[in-house]
Amino acid sequence: MKIHQYIQQSLLDAIKKSKFSTEDLPEIQIGPGKQKQHGDLSTNIAILLASKEKKHPQDVARVIVHHLNLDESKISQINVAGPGFINFTFHLDYVRGAVNEIIELGDRYGRDDWGNGKKTQVEFVSANPTGPLTIGHGRQAVLGDTIARLLEATHHEVTREYYFNDAGRQMRILGDSVRLRACELSGDKIEFPDDYYQGEYIRNIARQAIKEKKSQYARSEKHIPYFQSLAERVIFDDIKQTLSRLGIAFDVYYNEKSLYETGRVKRVIQELREKNLAYNRDGAVWFRTTHFGQEQDRVIVKSSGEPTYRLPDIAYHKDKMERGFDLVIDIFGADHIATYPDVLAGLEALGYDSSRVKVLIHQFVTLSEGKEKIKMSTRKANFVTLDELMDEVGVDATRYFFLNRSMSTHLNFDLSLAKTQSEENPVYYVQYAHARICSILRYGQQQGIDTESKTDLSLLKAPEEIDLMKTLMMFPDVVASAAREFEPHRIPTYLEEVATVYHRFQHAGKKDDTLRVVTEDVPLTLDRLALCRATRIVLANGLTLMGISKPEKM
RNA sequence: GCGCCCGUAGCUCAAUUGGAUAGAGCGCAGGCCUCCGGAGCCUGAGGUUUUGGGUUCGAUUCCCAACGGGCGUACCA
């Protein structure tokens, strides 16, 4: 049993013995406090109970503590503090045991089973192949991949999926953009419309087209499909290469077109009609979204006969349900915030439990140049590509850049600032700690020490050592909460803390010889090196979760 | 106009989901290498958490209003 549950259970028993009412008792929350002096874990249950019992919180706390029966080899100290908190301090032997467990588990430390093999799909990026991936897509790509990694670490069976549409109007414009550039390159005078794709990459594709076909070929609009499919192929290859550079591989690329070809789109309309949730008006087909609490009904088939985006989206999500995913995670940018309720309503309408779908919305990345804000647009070629960013700052810093802030923050991106800050990127701080530990382990070996030997860590008692041990113990909870709440940024926040506490621990030996890691005192040296190994494991496992390398030298 | 998201140190961001004295990095001012990595450590300055109300033992967190920014608000995706 985990220590949290153990204390929780004991508290419950104590409350019962104290004869306080356990009727609609709030859940006993237990967690680490912000301050060291408040112990390792604390609970506010006495404060909550006091208002119901109309007694002083401190008195309630004292009565609970009086009836509390905890194993002293785990919890060495219990006290009541402040406005009625009950604080618990771990017994050092318990802490040492936990650190030894880290070493035994190695790269399995931090993993958990609670996902129970749940079949999970994470859909992200899903950019249509109209241009290179930008830093906007980068945020989503890195978030999605890391959420997938977190879920894998907590025993979910994860499918990474990329949804795209290569048949829409935008793709036709893309094809025609290439065709026009090909004409231009062949010396024709052309008018290039404003709403066509302006990027330089279009010319590159046009050059390739000219190599493959005679220049005459571009003059006919009949040949747009050729230019379109060439563009799609070239751009998709580029996208996949960018993703692979970032360490991201999708299991499934799902083409919207197939939803029509297999009749899935049609079937959705039929089913909605059968349930009287779709009807005709003004030549269009409407979905009765008001039935699901929305303000107005929505068109799913235009009077022109073309479906709106909602219909294939619903069909796609129905297909996700049919494929048996227990949990479906959709990661969208803020621009999709208004569309997903329609999709969820669609699933409800078709008889599915839409709570299986978890929609995560991340805020946009805005580009700025000096004080000027630029609206990113693939069509207008106002963007910084993900490749450019990786060229400038490297893959690790790129991933870290997107991961160390929460999804809900607006991200203002200034490339020149990113360049100057790349050397100050906190990723190096964390990686440096890892490299430094590898170095001291090598040093230990050079001194003829068997750095792998087993110890009981009983000689570790300096404040720096205790802090470090206790910090390392928190990793599994950090991973679990990051996975449960879909908040990857908790990992880097925590790793920076680990690095700080580690640096402090190793640095202590510079001021005070008795705190050096490798000394003449062999048993003590072994204990300290074991602590180094445990720290390295936590940093390495955390970095792996983020898809970031863990250098042994820098 | 209406809806959703956001507003925390000069800058970029945290804050264990309602907890105790709001914390880091960068930048700024100082200090620390004969010796395990100075890509490091320590000290300091810097805040009315945009503003004003409310809820309660307790609010950066929840509610209301205002201000500022982002995104939507289509028979575009």
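Letters go in sequence order (proteins before strands), and every chain restarts at 1.
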Q) Taking all non-hydrogen atoms of both residues, which atom of A/Glu123 and which atom of A/Tyr316 are closest, and how far apart? A) OE1-CE2, 3.4 Å
Close N/O contacts between protein and nucleotides 75-77 of chain B (under 3.5 Å):
| unit_1 | atom_1 | unit_2 | atom_2 | d |
| --- | --- | --- | --- | --- |
| B/C75 | O2 | A/Ser303 | N | 2.8 |
| B/C75 | O2 | A/Ser303 | OG | 2.8 |
| B/C75 | N3 | A/Ser303 | OG | 3.4 |
| B/C75 | N4 | A/Asp282 | O | 3.3 |
| B/C76 | OP2 | A/Lys302 | NZ | 2.4 |
| B/C76 | O2' | A/Arg169 | NH1 | 3.3 |
| B/A77 | OP2 | A/Tyr309 | N | 3.0 |
| B/A77 | N6 | A/Tyr309 | OH | 3.4 |

Q: Scan A/Pro426 against the nucleic acid and name what it touches under 4.0 Å (heavy atoms): base, sugar-phosphate only, or nothing.
A: nothing
Q: Over all heavy atoms of both residues, which pair between A/Phe90 and A/Val95 is shortest? Give the atoms and the distance, please.
A: CB-CG2, 3.6 Å
Q) Is the shortest distance from a Lys or Arg side-chain nitrogen in A/Asp112 or A/Arg484 to a carboxylate oxygen in the other one below 4.0 Å? A) no
(Q) Does A/Asn87 reach a base, just sugar-phosphate, or nothing at all? Heavy atoms under 4.0 Å. (A) base
Q) Mind checking whether A/Phe164 and A/Tyr253 have parallel, tilted or perpendicular rings, split at 30° and 60°? A) perpendicular
Q: Would you give a per-nucleotide map of nucleotides 36-46 of chain B, 5' to 3', where B means the base has a protein non-hydrogen atom under 4.0 Å away, S means only the sugar-phosphate does, and - means neither?
A: BBSBBBS----
Q: Would you give a per-nucleotide map of nucleotides 8-14 of chain B, 5' to 3', where B means the base has a protein non-hydrogen atom under 4.0 Å away, S means only the sugar-phosphate does, and - means neither?
A: ----SSS
Q. Looking just at side-chain N and O atoms, do A/Asp396 and A/Gln431 make a donor-acceptor pair shorter than 3.5 Å?
A. yes
Q: Take the angle between the ring planes of A/Phe292 and A/Phe287 and call it parallel below 30°, perpendicular above 60°, tilted in between.
A: tilted
(Q) I'd like to know if the side chain of A/Asp40 pairs up with that of A/Thr89 as donor and acceptor (distance under 3.5 Å, no hydrogens or angles considered). (A) no
Q) Under the rule syn = chi within 90° of 0, otherwise anti, which is B/C71? A) anti
